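Beneath this line is the structure, given in structure tokens, with notes to follow.
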Amino acid sequence: MFDHVIFNMIVLIGVNIFKCKSFLKVASENIRTVRQLRVFRKKWEESKKEDGTKWHFLEHKGPLFAPAYEPLPDTVKFRYDGKVVKLSQDSEEVAGFYARMLDHDYTTKSTFNNNFFGDWRKVMTHEETKLIKDLSKCDFKEMQAYFQSLSEKNKNRTKEEKAALKAKNEEIQKEYGFCIIDGHKEKIGNFRIEPPGLFRGRGEHPKMGMLKRRVMPEDVLINCSKDSKIPKPPAGHKWKEVRHDNTVTWLASWTENVQSQAKYVMLNPSSKLKGEKDWQKYETARHLHKSIDKIRDTYRADWKAKEMRVRQRAVALYFIDRLALRAGNEKDDDQADTVGCCSLRVEHIELHKEKDGKEYVVVFDFLGKDSIRYYNEVPVEKRVFKNLEIFMEHKKGSDDLFDRLNTQTLNEHLKDLMPGLTAKVFRTYNASITLQKQLEELTDPDASIPEKILAYNRANRAVAILCNHQRAVPKGHSKSMEALKEKIQTKRDQVDEAEADYRDATKAAKRGSVKEKLACDKKKKALERLKEQLKKLELQETDRDENKTIALGTSKLNYLDPRISVSWCKKHGVPIEKIYNKTQRDKFRWAIDMAGPDYVF
DNA sequence: ACCGGTACTTAGAACTCGATTT
DNA sequence: AAATCGAGTTCTAAGTACCGGT
């Protein structure tokens, strides 16, 4: 039902927004009037959705494989236990992966080293395994130095070399980077097959350091139209399979060997296919906005439910809604130990009847996606607090907090509350509504453009904090802050100087001639310019410091309805380029075309 | 109800590159 | 001309969600 509503909107507005030029061109040869065109297009779109069809025609060149291994020159030695050992090609390649990572933190971790060494031994010849039994006796230093010198050389390439390289890359992009889908030429996202290397898991990943094998054409599935030009595998090779499944959007896929997970070649976010999906996501979130009051009433009422299952669901949903927690699917234990809402364990929260003058405080402390720490002290309703006490009764720290709940049952319940509703919609919804509210609150219509941009970044930041989007403090942060401060001081001195100059000039102008008045005007302008520059620097300082550990990109790209930003720009005369860079503008083209200054999420 | 498989979105780190400073 | 820096881009891991078989 809901799908149908969205689908109708897509059909109605989609004609205008996506301006499907090539499709229209093809069609217009046979169809003359705009009305006929719309009818045709609508039928075509309809046939698409009902049965999960994602495309009618798909043609591409297949993925691009990683370059073949280049053996080391004989001058670069590997040593074992002090003695030079000439490794077989495969062993050498894998050793090289490790050598490249030598000054990375990973190589200090025993899990990483053990996994690496285990997998390395598997590719060694029998001879090599007999000799090389202890990683700590391996000396990769020369290999490391060689790779360093290589990248040094790459950096020092001449202009001509760089230009040639760039041209070659563009050639590759042109050949492999695009596909034809339903009459459109669209950019592909990741057309390169991942090169072999050592697996870099995030956090305490039990598989870190394992060998990620080289992917061969024989591993790769190709997906395209039956009547398209089927991509050719590299000479002497075969594809694993060529299939023609138009219910999925991927062009190629393979299974990565470390975690046995499928990898896909898919379209770029700028594509129509991805754009429509993105749009639909925000429409669902807007739909939630309409029922959020009722849903909140429901889960609050459920805090008193007889069934513990329902109470747990209601408390979890409250966390998801209020704190923008992720759903928290179960994980296997061959992955890093991280949790989301449904998978929280007793050890991840602490209850305080009173903390820092606040009542009924829940302290969350756990590792979430990508092993990013979530720490938050949250005063909650007494009823929530009491429920949590019950959920935790007779449990160990390692027991599930919500033992009667998982993401499937939660999402089943959400579907009943609203069609299309799942746990992640709350994150999208709360992120977008927060941006809209914050923009409203922080934007002074009379402020300058840089001040407005600061306001925007602050609104963006509020969302990033809500979603716990963190990043490592940038390497040179404190240094660059100092430099900026110094710059500001210099500018201040300049302003003072200019002020004095201007004062003198005013005096001179009072009794002076036209010439002195002109000079005075000039001084005034100079002063104003300096003042503006100073203000800009000061804003930059605030912005950068507040952003130290907060990543704005993720929310901007994935959670904030771009129409909110677009309408804000239009309303306040801020050029969209100040908010979205080129890639972002491509991705959000649909929103830039769609939203006027009055758009409300 | 559970489980493994599949497809897709979301995520921070690493890398690249061009502008700016030294 | 070299070094530095940060914005932009690429990379790929790690999530969510759902399906179909048992």
Side-chain angles (χ1 to χ4, degrees), chain A residues 52 54 66 100-101 104-106 151 154-157 162 165-166 169 173 189-195 197 199-203 205 207-208 212 221 223 245 247-250 253 255-256 258-269 273-274 277-278 280-281 320 326-332 335-336 338-343 367-372 406-412 414-415 420-428 431 464 467-472 474-477 479-480 483-484 487 540 544 547 549-559 580-584 586:
Chain A
K54 304 285 171 42
R100 277 171 220 269
M101 293 183 71
H104 199 287
D105 218 28
Y106 273 121
S151 68
N154 286 344
K155 256 187 246 159
N156 296 330
R157 276 191 277 242
K162 276 181 190 163
L165 207 64
K166 201 173 168 190
N169 273 328
Q173 171 76 29
N190 55 326
F191 57 86
R192 281 170 211 272
I193 296 238
E194 294 170 18
F199 176 76
R200 300 156 91 109
R202 307 273 172 87
H205 196 116
K207 295 192 168 185
M208 65 167 90
K212 205 168 80 168
L221 302 175
N223 193 32
D245 181 355
T247 68
V248 296
T249 67
W250 52 267
S253 88
T255 303
E256 164 271 338
V258 175
Q259 310 215 79
S260 322
Q261 59 172 345
K263 300 277 190 167
Y264 301 92
V265 172
M266 286 188 189
L267 294 184
N268 187 275
L273 192 81
K274 293 284 189 190
K277 198 80 193 297
D278 208 31
Q280 186 184 312
K281 174 180 79 184
I320 285 170
R326 294 187 185 82
N329 284 318
E330 292 99 303
K331 294 182 76 182
D332 294 337
Q335 294 171 295
T338 64
V339 296
C341 185
C342 294
S343 49
L367 297 183
K369 181 176 179 181
D370 294 316
S371 296
I372 297 290
N406 59 42
T407 54
Q408 294 92 296
T409 56
L410 175 65
N411 279 337
E412 246 162 66
L414 292 177
K415 204 188 305 172
L421 187 61
T422 61
K424 85 189 192 75
V425 179
F426 284 87
R427 251 167 102 80
T428 312
C467 295
N468 199 39
H469 290 143
Q470 296 191 291
R471 62 168 186 180
K475 246 197 234 124
H477 178 78
K479 217 171 91 191
S480 87
L484 192 56
K487 227 165 136 187
Q540 201 184 2
R544 197 186 294 174
N547 259 353
T549 57
I550 300 166
L552 300 186
T554 302
S555 51
K556 204 174 188 178
L557 230 48
N558 301 300
Y559 288 102
Y580 291 139
N581 67 30
K582 181 72 172 63
T583 314
Q584 296 169 155
D586 286 343

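Every value quoted in this text rests on a predicted model; they were computed, and no experiment measured them.
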Answer with base, sugar-phosphate or nothing: what part of the nucleic acid does [X] contact at a heavy-atom distance below 4.0 Å?
{"X": "A/G201", "answer": "sugar-phosphate"}
{"X": "A/Q335", "answer": "nothing"}
{"X": "A/I372", "answer": "sugar-phosphate"}
{"X": "A/T338", "answer": "sugar-phosphate"}
{"X": "A/G328", "answer": "sugar-phosphate"}
{"X": "A/P195", "answer": "sugar-phosphate"}
{"X": "A/A336", "answer": "nothing"}
{"X": "A/R202", "answer": "base"}
{"X": "A/K274", "answer": "sugar-phosphate"}

Using the 3.5 Å cut-off, write out each protein N or O paired with an N or O of nucleotides 17-21 of chain C and the distance between them.
unit_1: C/dA17; atom_1: OP1; unit_2: A/T422; atom_2: OG1; d: 2.8
unit_1: C/dA17; atom_1: OP1; unit_2: A/A423; atom_2: N; d: 3.2
unit_1: C/dA17; atom_1: OP1; unit_2: A/K424; atom_2: N; d: 2.7
unit_1: C/dA17; atom_1: OP2; unit_2: A/N411; atom_2: ND2; d: 3.1

Exercise. When you look at A/T255 and A/K263, which way does the side chain to side chain donor-acceptor pair (under 3.5 Å) test go after all the steps?
Worked result: CA-CA 6 Å; A/T255 303; A/K263 300 277 190 167; over 6 Å; no

Please pick, from [options], the nucleotide with the shortest atom-to-atom distance to any side-chain atom of [X].
{"X": "A/K212", "options": "B/dA11, C/dT12, B/dA13", "result": "C/dT12"}
{"X": "A/K277", "options": "B/dC8, B/dA13, C/dT12", "result": "B/dC8"}
{"X": "A/R192", "options": "B/dT9, C/dC11, B/dG12", "result": "C/dC11"}

Does [X] make a side-chain N or O approach to OP1 or OP2 of [N] shorter than 4.0 Å?
{"X": "A/K54", "N": "B/dC8", "answer": "yes"}
{"X": "A/H205", "N": "C/dA14", "answer": "yes"}
{"X": "A/R326", "N": "C/dA14", "answer": "no"}
{"X": "A/K331", "N": "C/dA14", "answer": "no"}
{"X": "A/S253", "N": "B/dA7", "answer": "no"}
{"X": "A/K263", "N": "C/dA13", "answer": "yes"}
{"X": "A/R100", "N": "B/dC15", "answer": "no"}

Problem set entry | Sub-4.5 Å side-chain heavy-atom contact between A/L552 and A/N547 |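 Yes - at least one pair of side-chain heavy atoms lies under 4.5 Å apart.
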
For this session: Determine whether A/N558 and A/D278 make a side-chain contact, defined as any pair of heavy atoms from C-beta on separated by less than 4.5 Å.
Result: no

Exercise. Would you say the base of B/dT10 and the side-chain of A/K369 have a donor-acceptor pair closer than 3.5 Å?
Worked result: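 Donor-acceptor pair under 3.5 Å: yes.
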
How many Å lie between [atom1] on [X] and [atom2] on [N], as a whole number?
{"X": "A/H469", "N": "C/dG15", "atom1": "NE2", "atom2": "C1'", "answer": "11 Å"}
{"X": "A/F426", "N": "C/dT16", "atom1": "CZ", "atom2": "P", "answer": "15 Å"}
{"X": "A/D332", "N": "C/dA14", "atom1": "CG", "atom2": "P", "answer": "13 Å"}
{"X": "A/F199", "N": "C/dA14", "atom1": "CZ", "atom2": "P", "answer": "4 Å"}
{"X": "A/N558", "N": "C/dA13", "atom1": "CG", "atom2": "P", "answer": "18 Å"}
{"X": "A/D370", "N": "B/dA13", "atom1": "CG", "atom2": "C1'", "answer": "9 Å"}
{"X": "A/L221", "N": "B/dT6", "atom1": "CG", "atom2": "C1'", "answer": "12 Å"}
{"X": "A/I320", "N": "C/dG15", "atom1": "CD1", "atom2": "P", "answer": "15 Å"}

For this session: Give, for atom OG1 of A/T554 and atom NE2 of A/H469, the distance between the pair rounded to the nearest 0.5 Å.
Result: 5.0 Å

Exercise. Taking for each residue the nucleotide of DNA chain B bearing the nearest heavy atom, is the 5' side occupied by A/E412 or by A/H104?
Worked result: A/E412

Seminar exercise, completed: Assign each of A/Y264 and A/S555 the nucleotide of DNA chain B bearing its closest heavy atom; nearer the 5' end lies the nucleotide of A/Y264

Please write out each protein N/O paired with an N/O of nucleotides 6-9 of chain C under 3.5 Å, distance rounded to 0.1 Å.
unit_1: C/dG6; atom_1: OP1; unit_2: A/S480; atom_2: OG; d: 3.1
unit_1: C/dG6; atom_1: OP1; unit_2: A/R544; atom_2: NH1; d: 3.2
unit_1: C/dT9; atom_1: OP1; unit_2: A/T583; atom_2: OG1; d: 3.4
unit_1: C/dT9; atom_1: OP2; unit_2: A/T583; atom_2: OG1; d: 2.2

For this session: State which residue, out of A/H205, A/K369, A/K331, fulfils the side-chain hydrogen bond (donor to acceptor under 3.5 Å, both in side chains) condition with A/T338.
Result: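 When A/H205, A/K369, A/K331 are each tested with A/T338, the side-chain hydrogen bond (donor to acceptor under 3.5 Å, both in side chains) holds only for A/K331.
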
Exercise. For A/T409 and A/N406, what are the C-alpha separation, side-chain angles and deciding distance, and is it a side chain to side chain donor-acceptor pair (under 3.5 Å)?
Worked result: CA-CA 6 Å; A/T409 56; A/N406 59 42; 3.2 Å; yes

Exercise. Charged N to carboxylate O below 4.0 Å: is that the case for A/K582 and A/D586?
Worked result: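 A salt bridge is present here (some side-chain N lies under 4.0 Å from a carboxylate O).
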
Exercise. Going by distance alone, is a donor N or O of one side chain under 3.5 Å from an acceptor N or O of the other, for A/Y559 and A/R427?
Worked result: yes

Exercise. With a 3.5 Å cut-off and no angle check, do the side chains of A/T407 and A/N329 form a donor-acceptor pair?
Worked result: yes

Exercise. Can A/K212 and A/E256 be said to form a salt bridge (charged side-chain N to carboxylate O under 4.0 Å, His left out), step by step?
Worked result: CA-CA 7 Å; A/K212 205 168 80 168; A/E256 164 271 338; over 6 Å; no

